[in-house]
Structure formats: C-alpha cells, structure tokens
Amino acid sequence: MKMRLTAAILAGMTAFSMMTACVSADENAIDKIKSAGKIVMTTNAEFEPFEYKDGDEIVGIDLDISHALADKLGVELEVADIAFDSLIPSLNAGKADFIAAGMTATPEREKNVDFSVPYFNASQSIIVKTDSEIAGRADLNGKTVGVQQGTTGDVYCTNEDQSSDVSVKEVKRYAKGMDAVSDLIAGRVDAVVIDDYPAEKLVSKNPDKIKKLDEALTEETYAIAMPKGSDLKPVVDELIQELNDSGKMDEIIGRYIQLDDADSSAAEAVAE
Ligand code: ARG
C-alpha cells in the first residue's frame, strides 16, 4: 500500500514536471527569452542567399529577419549552425527558440512545429552540367540525383509517397548543397535538385561548368518554425507583416538577390 502510494505520488510528480517543462518551452517562450536577454535561432548556414558564412560570420536573408525579431523583442540574437535534418529535433529538444533556414512549410513538418505566416515563395529546381542532355524533370528519370539531406528536394526526388512524378535511379544525399554540386562537376551525379535561389548562387560560382534549368519542380513557401504552441508565433507573424508593409522585407531580400519584377510580385503575393 505504502509502495503504491509512493509510486502514485512519483507518477504525479513526473506528470507535473513534464507539464511545467512544456509550459516553459512553449506558452512562456517570450518570458523565457526576455529574462535570458537573448533569443536562440538555429539554421544550417549552407544555403546562400538565405544563410551562409562570410568569414566567421553567418549572414543572409534569414539572419536579417532574425535580427529584426531580436530587436522587436529587445534581446540579443544567438545563432547556432547545425545540420539541416537536425533542426526540428533540436528545436523540440528545447535547444532553440526558432528555426530560420529557408525552411519550407510542409504538412509533414507541421506535425512537429508551428510555422509562421510565409515570407518567401520558392521552388525546387534542377542544376546540370552545361553540356548535359537533361533539359527538364522528365529527363531525371533513371538518373542519379544529388540533394541536400532532409530537404524538400530530397523528398521530391526520393518520392516515397509517390507525390511527385519523377522516378530517379538513385538519390545521393549530402550535408551541403555545395558538396552535391562538386560531385555534379566531378561527374558522380547527373543532376542536383535544390531550391531555386540557392541554385542560382551555386551556379554563379561555376557558370562555365553548370547551369540551372528554368523549370520549377514545386511550389513552396518558406516560414519560420517554432515549437508547437509557442507564444512567439503571433510575434513572428506580426513582424513579417510589419516588414512586408514597411517595404523592409524587400529591402532585406534586395541585399542578397536581384529580384526582377515577376519575382518581386511573387514575394508580394506571400505578403498579402
Ligand atoms: N526549402 C528546403 C526545405 O525546407 C531546403 C532548405 C534548406 N535550408 C538550409 N538552410 N540548408 O527542405
């Protein structure tokens, strides 16, 4: 009897401490951030123009948005650079307050995180060697394709759920998009599938060897990810709205990419 009571009390205590742990990670995120004086953002800085290393510093569109968020809350921004496929597990282990990583809001990810309103329209695109016979998505069938591990490009090419219409021979997964491109140049993969703007940046470093095809394989939107139920979400949504309304979002994006008219109306479609 005594034993059972102790067990019941212990179980009750565990449940209580689990509840308080959840509360401190989610509903009271803002209190926690303010009392720490800092907000922790995680990213994967292998994704120019959204996040990349410039010497020792991590810079890019997502960094500028994150700095604006820290300013809005009146705290410092701390940035941690980790593997792309570790971002969501690490967020849910309480190691960060939010993810800003050119991350596409997908229903699958939404099971584990809350997404802000979208801030950027994107798509997957194909990079091939300049002399490649691959001219579009149909030509990927039977080919070996390089992707960044755990990205929507990986999901698209792996096509486990048969949601895309490609049937590639093999998907090679890399920690960095840049490594996939090196293997493309070395002839170890036939194509690389990666987000459109990062593809352009990668191609601009080797324009004589590789090219990006015009065809857009998917329609995606980037959003900031937060733990489920985080009270940070309305603040981030408001920030994105403010940056859009004030023209600051275009200013930030314009620091890293030249948007032509068509593209900037695409970015605005997200804003509205
Ligand atoms: N948009 C793609 C996705 O969400 C790729 C993002 C890769 N981001 C990065 N920082 N490496 O899966």
Side-chain angles (χ1 to χ4, degrees), residues 40-54 57-67 77 79-92 95-96 98-127 145-161 163-164 166 171-182 191-203 205 212 216-226 240 252-253 256-257 263 266-267 270:
V40 182
M41 171 258 212
T42 43
T43 192
N44 168 253
E46 301 294 340
F47 205 60
E48 187 179 355
F50 293 91
E51 41 270 328
Y52 59 103
K53 287 166 209 126
D54 183 8
E57 217 192 334
I58 298 174
V59 297
I61 295 167
D62 287 330
L63 275 294
D64 289 4
I65 295 173
S66 300
H67 278 291
L77 178 70
V79 178
D81 178 23
I82 64 175
F84 185 78
D85 60 354
S86 300
L87 288 168
I88 291 180
S90 150
L91 180 78
N92 284 329
K95 292 187 182 146
F98 70 103
I99 302 167
M103 183 176 272
T104 303
T106 68
E108 198 49 42
R109 289 174 180 157
E110 198 131 37
K111 291 179 191 157
N112 298 306
V113 297
D114 278 350
F115 281 110
S116 69
V117 293
Y119 64 89
F120 199 87
N121 287 330
S123 69
Q124 295 302 304
S125 61
I126 305 171
I127 307 176
V145 183
V147 297
Q148 193 186 16
Q149 169 122 4
T151 59
T152 44
D154 184 356
V155 173
Y156 178 87
C157 292
T158 305
N159 199 13
E160 246 164 35
D161 56 357
S163 63
S164 57
V166 293
V171 178
K172 284 198 176 170
R173 300 183 180 82
Y174 299 83
K176 309 173 183 183
M178 186 77 104
D179 293 344
V181 164
S182 302
V192 170
V193 169
I194 195 163
D195 300 52
D196 46 359
Y197 284 98
E200 259 169 39
K201 292 288 179 188
L202 289 164
V203 167
K205 295 189 172 88
K212 173 181 162 293
L217 304 179
T218 56
E219 274 181 32
E220 307 181 11
T221 53
Y222 295 164
I224 306 289
M226 290 150 284
I240 292 172
I252 291 174
I253 293 169
Y256 302 93
I257 47 187
D263 285 325
V270 165

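Atom set for the values below is all heavy atoms of this structure, side chains included, hydrogens, waters and symmetry mates excluded. Along the sequence shown, residues carry numbers from 1. Numbering of ligands and ligand atoms starts at 1, following listing order.
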Say whether [X] and [Y], considering side chains only, have a donor N or O and an acceptor N or O under 3.5 Å apart.
X: Asp62; Y: Tyr119; value: yes
X: Asp196; Y: Gln124; value: no
X: Arg109; Y: Thr104; value: no

Where the side chain of Ser164 meets the backbone of Tyr156, is there a donor-acceptor pair that is under 3.5 Å apart?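 Such a contact is found between Ser164 side chain and Tyr156 backbone.
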Quick one: does Asn159's side chain have a donor or acceptor within less than 3.5 Å of a partner on Ser163's backbone?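 Present.
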Measure the CZ-CE distance between Phe115 and Met103 for me, rounded to the nearest 0.5 Å. 6.0 Å
Heavy atom of the protein closest to [atom] (residue, atom name, distance):
atom: atom 6 (C) of ligand 1; answer: Gly102 O, 3.4 Å
atom: atom 11 (N) of ligand 1; answer: Asn44 OD1, 2.8 Å
atom: atom 8 (N) of ligand 1; answer: Ala101 O, 2.8 Å

Test your reading of the structure: does [X] have an N or O sitting under 3.5 Å from an N or O of ligand 1?
X: Met103; answer: no
X: Thr152; answer: yes
X: Glu51; answer: yes
X: Glu46; answer: no
X: Asp195; answer: yes
X: Phe47; answer: no

Specify side chain, backbone, both or neither for Arg109, according to which of its non-hydrogen atoms lie closer than 4.0 Å to ligand 1. side chain
Please list, in number order, the atoms of ligand 1 under 4.0 Å from a heavy atom of Gln148.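 Within the 4.0 Å cut-off of Gln148, ligand 1 contributes 7 (C), 11 (N).
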So, does Tyr222 sit close enough to ligand 1 that a heavy atom of it is under 4.0 Å from the ligand?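 Under 4.0 Å: yes for Tyr222.
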Crowding at NZ, Lys176 (>12 non-hydrogen neighbours, <6.0 Å): no
Take the angle between the ring planes of Phe120 and Phe50 and call it parallel below 30°, perpendicular above 60°, tilted in between.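 Phe120 vs Phe50 ring planes: perpendicular.
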